[in-house]
Structures are given as C-alpha cells and as structure tokens.
Amino acid sequence: METLFTPFASLGGGMLIGLGAVLLMFGLGRILGATGIMSGLVFAESSSEFSWRAAMVVGMILAPGLIFLMTGAMPELDVPVSPLMIVIGGVIVGFGASLGSGCTSGHGVCGLSRLSVRSIVAVPTFMVTAAITVYLIRHVFGV
Amino acid sequence: MKLIYALFTGLVFGVGISISGMINPAKVFNFFDIAGTWDPSLAFVMGGAVIVTFIGYRLAWRRNAPLFGEQFEFPTNSAIDARLVGGSAIFGIGWGIAGFCPGAAIPALGTGRWEVVLFLAAVTAGFYVRRLFTPTQSTKKAA
C-alpha cells in the first residue's frame, strides 16, 4: 500500500513533537518518553508521579479530535496488518522498549537531542531491526 | 496549573504525531520498506523533532530549575549493555511487525480505532512480561 510523500507536514509535525518535548523539560524537567510515561502510569509509585503522566496522556488523546475540529477530518490512519500481528508486535514493543529503557520518543527525540550515548546506540539499533523485520515480512515471507 | 500545563504539553506532542504521519502504521511500514513502496517522510519527522529539541533543551536548561519542579531529571544509567542493545533490537522488531510505537499509539487512541486499544493492551502486557524476566530493574528512570 503506497502512501504520499509528505515532507512539509512531516517536518512541521516533527517540530511540534520537539516543541512538546521542550515544553515538558521546561515545565516539569522531564524527558518525554512514551514508554516511560506509559509504564509510569501502569506501575505508578506515587500519586504525584501518576498525575502529570495521566494529564499528558489526556492531552495526547485529545489531539486527533482537535485536528478534526480544525480540518474536518481525523488524521489518516491505516492499519494494513492483522489483529494477531498487532498483538504480537505490541507485546514485543512493550517488552523491548521496557528492557531497552526507551522507544522512538525517549531515545529517538529526547536522547539524541541530549547527545546521550545510550540513545545514540539505541536508535540505530531499533531502526535497523525494524527495517529488517519489514523487509522479511514483506519481501521474504510476502505477508 | 502543573497538570493543565502537562495536558497542554501532551496536546502539542499529540498534534505533532497526528500531522507528521507517525500516527499512521501504513506510513511507518513504508518508511522502513526501502526495497518496496518507500516513503521517506518520517525522516523529516525525526529531523524536525531533534532540531527543535536540541535547541529548545539548551534554552530550557539556562534556568536553574523547571517551572513546576525543583530540578531537571535525567536517566542516571550510562551503561552500554546487553539490556540496552537487546531491548532496543527487540523493540524495533515489534515496531516493524505492528507499525505502531508507544508515542504514536497514545495519541492514536483519540481516533477511536479499536486496533490502537488492542496494540496498547499488548504493549502493557509486554511491560509485565519484562518485569517477570527482570524484576529488579526500576522502570522509573525509563528514557
């Protein structure tokens, strides 16, 4: 399934993602990592650790609705894989991101910007394994 | 006030995820499918996000403390170990299977799509599986 090349929307959206990360650092002094935010909610150790993460998640969830109000359409979202693949992929994502202490937002956006050596190792690692996985699924197994 | 600020931060991040295309698994797969229907858009997302975060973090750190906190908090772990590399490699495999990463899936909940609920439930299950394997590691410092 082809998708349109959208350099301007992607650059602009990426800059807003960065702005979100900067605002969180400026306001709360924290790294914006979705894995940390999610696991901090699931395994909350105190109500103060829970509440700011919950508020952030509410803000994130409101975003597509705001896009709908402004443009009249929800953001485009196509899931070209089966529910089984979503479940298998999801469990692997949760396991791996938790073990590796971060995902695309925490290591990718925030870690690289901090010049964290751990993130500089993590990001190429998960980009390469993701590309190999997509190659194997699409071109070797032909799913 | 802190929670309203956190909610706004999440909203900015979520709007960025929505308009950048990160929210769309079809686009994620095509970003990695260099040998097939390649769509390089998501490189612009990462580029835009890192440029803004790199500069913005350094502006934020000119203050002694965040607006609503006592200090800026960073992950203390600096080890390049098997957990980091293995966890990141595993995360990439899951990302390549499902097409969602946590930071894209949380805002995607706002579209009301059931696939997103399924994915995030599976990610949460993956967190629990990881804690069964390595119960001593704290998730608090997750980047």
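Within every chain, numbering begins at 1; the chains are lettered A, B, ... in the order of the sequence lines, protein sequences first and strands thereafter.
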Practice task
Can you establish whether the number of heavy atoms outside Ile80(B) located under 6.0 Å from its atom CD1 is more than 12?
Solution key: yes
Practice task
Could you tell me which of Gly112(B), Ala43(B), Ala79(B), Ala60(B) has the largest number of non-hydrogen atom pairs under 4.5 Å with chain A?
Solution key: Ala79(B)
Practice task
Indicate yes or no for a side-chain donor-acceptor contact from Ser10(A) to the backbone of Ser20(B) under 3.5 Å, with no hydrogens or angles considered.
Solution key: yes
Exercise for the section: Starting at CD1 of Ile88(A), measure out to CD1 of Ile97(B) and round the result to the nearest 0.5 Å. Expected result: 6.5 Å
Exercise for the section: Let me know if Phe8(B) has heavy atoms under 4.5 Å from chain A in its side chain, its backbone, both or neither. Expected result: side chain
Practice task
Kindly compute the distance separating CD1 (Ile86(A)) from CZ (Phe119(B)), expressed to the nearest 0.5 Å.
Solution key: 9.0 Å
Completion exercise
Distance col, row Phe91(B):CZ vs Leu99(A):CG, nearest 0.5 angstrom, shows 13.0 Å
Problem - Max heavy-atom pair count under 4.5 Å with chain B, selected residue of Val87(A), Thr104(A), Val58(A) - result: Thr104(A)
Practice task
Please indicate whether Met15(A) has more than 12 foreign heavy atoms, meaning atoms of other residues, nucleotides or ligands, lying under 6.0 Å from its CE.
Solution key: no
Problem - Flag if over 12 foreign heavy atoms under 6.0 Å of OH, Tyr135(A) - result: no
Handout entry: Ring-ring centroid check Phe44(B) Phe8(A), cutoff 6.0 Å
Key = no
Handout entry: Top contributor to chain A interface from Val12(B), Thr53(B), Ile23(B) [non-hydrogen pairs under 4.5 Å]
Key = Thr53(B)
Handout entry: Structural part of Ile51(B) lying under 4.5 Å from a heavy atom of chain A
Key = neither
Handout entry: chain B contact via Leu24(A) - which portion, at a heavy-atom distance below 4.5 Å
Key = both
Handout entry: Phe5(A), part contacting chain B, at a heavy-atom distance under 4.5 Å
Key = both
Practice task
Indicate whether any N or O donor in one side chain lies under 3.5 Å from an N or O acceptor in the other, for Ser51(A) and Lys2(B).
Solution key: no
Practice task
With Arg131(B) as the cation and Phe43(A) as the aromatic partner, state whether NZ or CZ is under 6.0 Å from the six-membered ring centre and within 45° of the axis.
Solution key: yes
Completion exercise
Residue from Ile19(B), Thr9(B), Leu84(B), Leu67(B) scoring the most non-hydrogen pairs under 4.5 Å with chain A is Leu84(B)
Handout entry: Heavy-atom check, side chain of Trp52(A) versus side chain of Leu3(B), under 4.5 Å
Key = yes
Exercise for the section: Report yes if the side chains of Met60(A) and Leu11(B) come closer than 4.5 Å at any heavy-atom pair, otherwise no. Expected result: no
Problem - Residues forming a salt bridge (charged side-chain N to carboxylate O under 4.0 Å, His left out) with Arg58(B), sequence neighbours excluded - result: none
Fill in the blank from the handout: Turns out that what part of Val79(A) lies under 4.5 Å from chain B's heavy atoms comes down to both
Practice task
Name the option with the most non-hydrogen atom pairs under 4.5 Å to chain B; the candidates are Leu112(A), Leu41(A), Ile67(A).
Solution key: Ile67(A)
Handout entry: chain B interface, residue from Met74(A), Met70(A), Met1(A), Met56(A) that has the most non-hydrogen pairs under 4.5 Å
Key = Met56(A)
Problem - Met127(A), part contacting chain B, at a heavy-atom distance under 4.5 Å - result: both
Problem - Side-chain donor or acceptor of Ser41(B) paired with backbone N/O of Thr6(A) under 3.5 Å - result: yes
Handout entry: Working for side-chain contact (heavy atoms from CB on, under 4.5 Å), residues His139(A) and Asp33(B)
Key = CA-CA 9 Å; His139(A) 301 290; Asp33(B) 192 7; 2.6 Å; yes
Fill in the blank from the handout: Of Gly56(B), Ala121(B), Pro102(B), the largest count of non-hydrogen pairs under 4.5 angstrom with chain A goes to Pro102(B)
Exercise for the section: Decide yes or no on side-chain contact (heavy atoms from CB on, under 4.5 Å) for Arg138(A) and Asn30(B), but give the supporting numbers first. Expected result: CA-CA 10 Å; Arg138(A) 287 200 166 175; Asn30(B) 283 347; 2.9 Å; yes
Practice task
Please look at Met85(A) and chain B and tell me whether the side chain, the backbone, both or neither of the residue comes under 4.5 angstrom of a heavy atom of that chain.
Solution key: both
Problem - Check: Leu23(A) main-chain N/O paired with Tyr5(B) side-chain donor or acceptor under 3.5 Å - result: yes
Practice task
Could you look at Val81(A) and say if it's the side chain, the backbone, both or neither that has a heavy atom under 4.5 Å from chain B?
Solution key: side chain
Practice task
Report the option among Gly27(A), Ala9(A), Gly89(A) that has the most heavy-atom pairs separated by less than 4.5 Å from atoms of chain B.
Solution key: Gly27(A)
Exercise for the section: Go through the atoms of Glu115(B) and report whether side chain, backbone, both or neither lie under 4.5 Å from a heavy atom of chain A. Expected result: both
Practice task
Specify which of Ala108(B), Pro40(B), Gly47(B) makes the most heavy-atom pairs with chain A at under 4.5 Å.
Solution key: Pro40(B)
Exercise for the section: Could you check Lys27(B) against Asp78(A) for side-chain contact (heavy atoms from CB on, under 4.5 Å), going step by step and ending with a plain yes or no? Expected result: CA-CA 8 Å; Lys27(B) 236 169 149 57; Asp78(A) 299 300; over 6 Å; no
Handout entry: Pairs of heavy atoms under 4.5 Å with chain B: top-ranked of Gly108(A), Pro80(A), Gly59(A)
Key = Gly59(A)
Fill in the blank from the handout: Between the CD1 atom in Ile90(B) and the CZ atom in Phe126(A), the distance rounded to the nearest 0.5 Å is 14.0 Å
Practice task
Could you walk me through whether Val121(A) and Val85(B) pass side-chain contact (heavy atoms from CB on, under 4.5 Å), step by step?
Solution key: CA-CA 7 Å; Val121(A) 171; Val85(B) 177; 3.9 Å; yes
Practice task
Please look at Trp61(B) and chain A and tell me whether the side chain, the backbone, both or neither of the residue comes under 4.5 angstrom of a heavy atom of that chain.
Solution key: side chain
Exercise for the section: For chain A, find which of Val116(B), Ile34(B), Asp81(B), Val50(B) contributes the most heavy-atom pairs closer than 4.5 angstrom. Expected result: Val50(B)
Problem - Proximity breakdown for Leu136(A) and chain B, heavy-atom pairs closer than 4.5 Å - result: neither
Completion exercise
Whatever's closer than 4.5 Å to a heavy atom in chain A on Phe127(B) counts as both
Handout entry: From His107(A) atom NE2 to Ser88(B) atom OG, the distance as rounded to the nearest 0.5 Å
Key = 4.5 Å
Handout entry: Atom group of Leu19(A) that falls short of 4.5 Å from chain B, counting heavy atoms
Key = both
Exercise for the section: Could you tell me which portion of Leu62(A) (side chain, backbone, both or neither) has an atom closer than 4.5 angstrom to a non-hydrogen atom of chain B? Expected result: both
Exercise for the section: Quick one: which of Gly90(A), Gly100(A), Gly20(A), Ala122(A) has the most heavy-atom pairs under 4.5 Å with chain B, could you say? Expected result: Gly90(A)
